[in-house]
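What follows is one structure encoded as structure tokens, with my remarks underneath.
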Amino acid sequence: MKSARTDDLQAFLAVARDQSFTKAAAKLGVTPSALSHSMKALEERLGIRLLARTTRNVSTTEAGDRLMRSIAPLFEQIAAEVEALGELRDKPAGTIRITCTDDIIELCLRPLLAEFLNTYPDIKLELFVDYGFTNVVEERFDAGVRMGEAVSKDMIAVRIGPDWSLAVVGSPAYFERHPPPKTPYDLTRHSCVNIRHRPSGSIYAWEFEKDGKIFTVKGDGQLVFNSIMHVLNSSLDGLGLGYVPEQLAAPYIADGRLKRVLHSWCPTFQGFHLYYPNRRQASPAFSAFVEAVRHRG
């Protein structure tokens, strides 16, 4: 039996993890057809079928599952050892992959990027915008960012921002056409720009608080995004009311381009936290990043 090339085995792991040629090809930087051809060639060289293909998805066969479970830890160990070589350099080096949302980038990370990148020129940052609850271990991220209460107990969590609140905002032009809501329940008569975190998930219900009690209101509207930045922009364009982080809206409220309503009903949330697996030893590059983003307020 002919041996398998290392790059083909890495490509197989990508397909097996994502169960999709399209997703795996995007991560590997190749076309789905080229990746499919490589997998067929690998199966021919090994003389055994590794992947079960249908018109809609890809899954591992019994042999493929066994191969994945046996070689995945080996490649992870190789990657860890290569990354550990950075300790021998004068300055931390390597690539750090973080999954987060675009508002987190704007509020917590963007203000720190210039100084961090200038201080560590050999570190590369990959910030992947995803509003879903990404499994950082399975998706091979170094860390993710969530609100503190949403971080799993088996993760290390480092606070990177202060407590924050949401703000209901609309443009002056919108309020010329619609009277401002006096209570959250009035939102059912307004056009609300909504957000859906995942295609299969539900639309986020706006959370409010009064006298210590939390409740939600679902406002209807013609626009739904999966990015809070587009909700903000649509509010600026007068297309409806948005429910966005107060700090994002603050500059536009200050210059009059947005008007805030229902201020006393909006709750405060725990600050964002960087979360990552409990590893014995973090790379110098990742340790430097954690210290750079740690909240010191």
Side-chain angles (χ1 to χ4, degrees), residues 1-83 94-102 124-146 150-152 154-155 195-204 224-227 275-279 286:
M1 181 174 62
K2 296 182 180 179
S3 61
R5 298 194 299 264
T6 303
D7 54 349
D8 285 341
L9 292 175
Q10 289 178 304
F12 162 73
L13 285 176
V15 176
R17 287 193 179 106
D18 289 329
Q19 296 187 345
S20 165
F21 282 112
T22 301
K23 292 181 180 180
K27 292 180 180 179
L28 296 171
V30 299
T31 64
S33 60
L35 182 57
S36 177
H37 179 76
S38 296
M39 293 301 95
K40 288 180 180 178
L42 173 62
E43 290 173 325
E44 290 176 0
R45 285 197 298 274
L46 296 179
I48 194 169
R49 192 178 182 188
L50 302 174
L51 299 169
R53 303 164 176 82
T54 68
T55 56
R56 294 187 177 182
N57 54 40
V58 181
S59 60
T60 54
T61 62
E62 182 180 353
D65 186 61
R66 176 178 175 178
L67 179 63
M68 179 178 67
R69 287 186 284 106
S70 62
I71 68 173
L74 301 178
F75 278 105
E76 290 173 2
Q77 183 179 355
I78 291 172
E81 292 299 328
V82 171
E83 188 176 359
T95 299
I96 302 171
R97 301 178 69 239
I98 307 294
T99 175
C100 57
T101 57
D102 47 4
K124 291 184 178 180
L125 283 178
E126 291 187 14
L127 303 177
F128 185 83
V129 174
D130 184 4
Y131 274 79
F133 289 98
T134 304
N135 186 313
V136 294
V137 176
E138 291 182 0
E139 297 295 327
R140 301 176 66 80
F141 285 101
D142 293 288
V145 181
R146 290 181 189 170
V151 176
S152 174
D154 62 347
M155 292 283 171
I195 189 165
R196 190 195 304 271
H197 295 153
R198 288 285 193 182
S200 58
S202 60
I203 289 177
Y204 168 70
V224 179
F225 294 101
N226 74 329
S227 163
Y275 68 96
Y276 52 95
N278 187 359
R279 298 168 176 165
F286 184 71

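Counting from 1, the numbers follow the sequence of the chain as shown.
Summarising the geometry of V136 relative to A143, their closest heavy-atom pair is CG1-C, 3.8 Å, with the distance given to 0.1 Å. Taking every heavy atom of both residues into account, T61 and A52 meet most closely at CG2-N, 3.9 Å. Annotation for M68 and A16: closest pair SD-CB, 3.4 Å, computed over non-hydrogen atoms. When all heavy atoms of R49 and L51 are compared, the pair lying nearest together is NE-O, 3.1 Å.
Listed by first and then second residue, the side-chain hydrogen bond (donor to acceptor under 3.5 Å, both in side chains) pairs involving residues 64-75 are D65-R69 (not counting sequence neighbours).
In this structure Y204 satisfies the side-chain hydrogen bond (donor to acceptor under 3.5 Å, both in side chains) test together with E207, sequence neighbours excluded. By the side-chain hydrogen bond (donor to acceptor under 3.5 Å, both in side chains) test, N57 is found to be paired with T54, residues two or more places apart in sequence or in another chain being considered. With sequence neighbours excluded, the residues satisfying side-chain hydrogen bond (donor to acceptor under 3.5 Å, both in side chains) with R53 are E43. The ring pair (Phe, Tyr, Trp, His ring centres under 6.0 Å) test applied to Y275 returns no partner, not counting sequence neighbours.
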Problem - Stepwise side chain to side chain contact (heavy atoms under 4.5 Å, CB included) check, K23 with R17 - result: CA-CA 10 Å; K23 292 181 180 180; R17 287 193 179 106; over 6 Å; no
Handout entry: Stepwise side chain to side chain contact (heavy atoms under 4.5 Å, CB included) check, F141 with D130
Key = CA-CA 12 Å; F141 285 101; D130 184 4; over 6 Å; no
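Going from atom CD1 of I98 over to atom OH of Y276 covers 10.5 Å, rounded to the nearest 0.5 Å. Here the OG atom belonging to S227 is positioned 10.0 Å from the NE2 atom belonging to H197, to the nearest 0.5 angstrom. Atom CG of L67 is separated from atom CG of L9 by 6.0 Å, given to the nearest 0.5 angstrom. Atom-to-atom distance recorded for E76:CD and I71:CD1 is 10.5 Å, nearest 0.5 angstrom.
Residue V15 forms a side chain to side chain contact (heavy atoms under 4.5 Å, CB included) with just one option from L50, T22, V58, and that option is V58. A side-chain hydrogen bond (donor to acceptor under 3.5 Å, both in side chains) with Y131 is found for one member of N226, T99, D102, T101 and no other, namely D102. Considering L127, D142, L125 in turn, D142 is the only one that fulfils the side chain to side chain contact (heavy atoms under 4.5 Å, CB included) rule with R97.
By the neighbour-count criterion of 12 heavy atoms within 6.0 Å, atom CD of Q10 is densely surrounded, having more than that number from other residues, nucleotides or ligands.
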Could you list the donor-acceptor pairs under 3.5 angstrom formed between side-chain atoms of residues 24-32 and any protein atom two or more places apart in sequence or on another chain?
residue: K27; atom: NZ; partner: D18; partner atom: OD1; Å: 3.0
residue: K27; atom: NZ; partner: D18; partner atom: OD2; Å: 3.3
residue: K27; atom: NZ; partner: E139; partner atom: OE1; Å: 3.1
residue: T31; atom: OG1; partner: S33; partner atom: OG; Å: 3.3
residue: T31; atom: OG1; partner: A34; partner atom: N; Å: 3.1

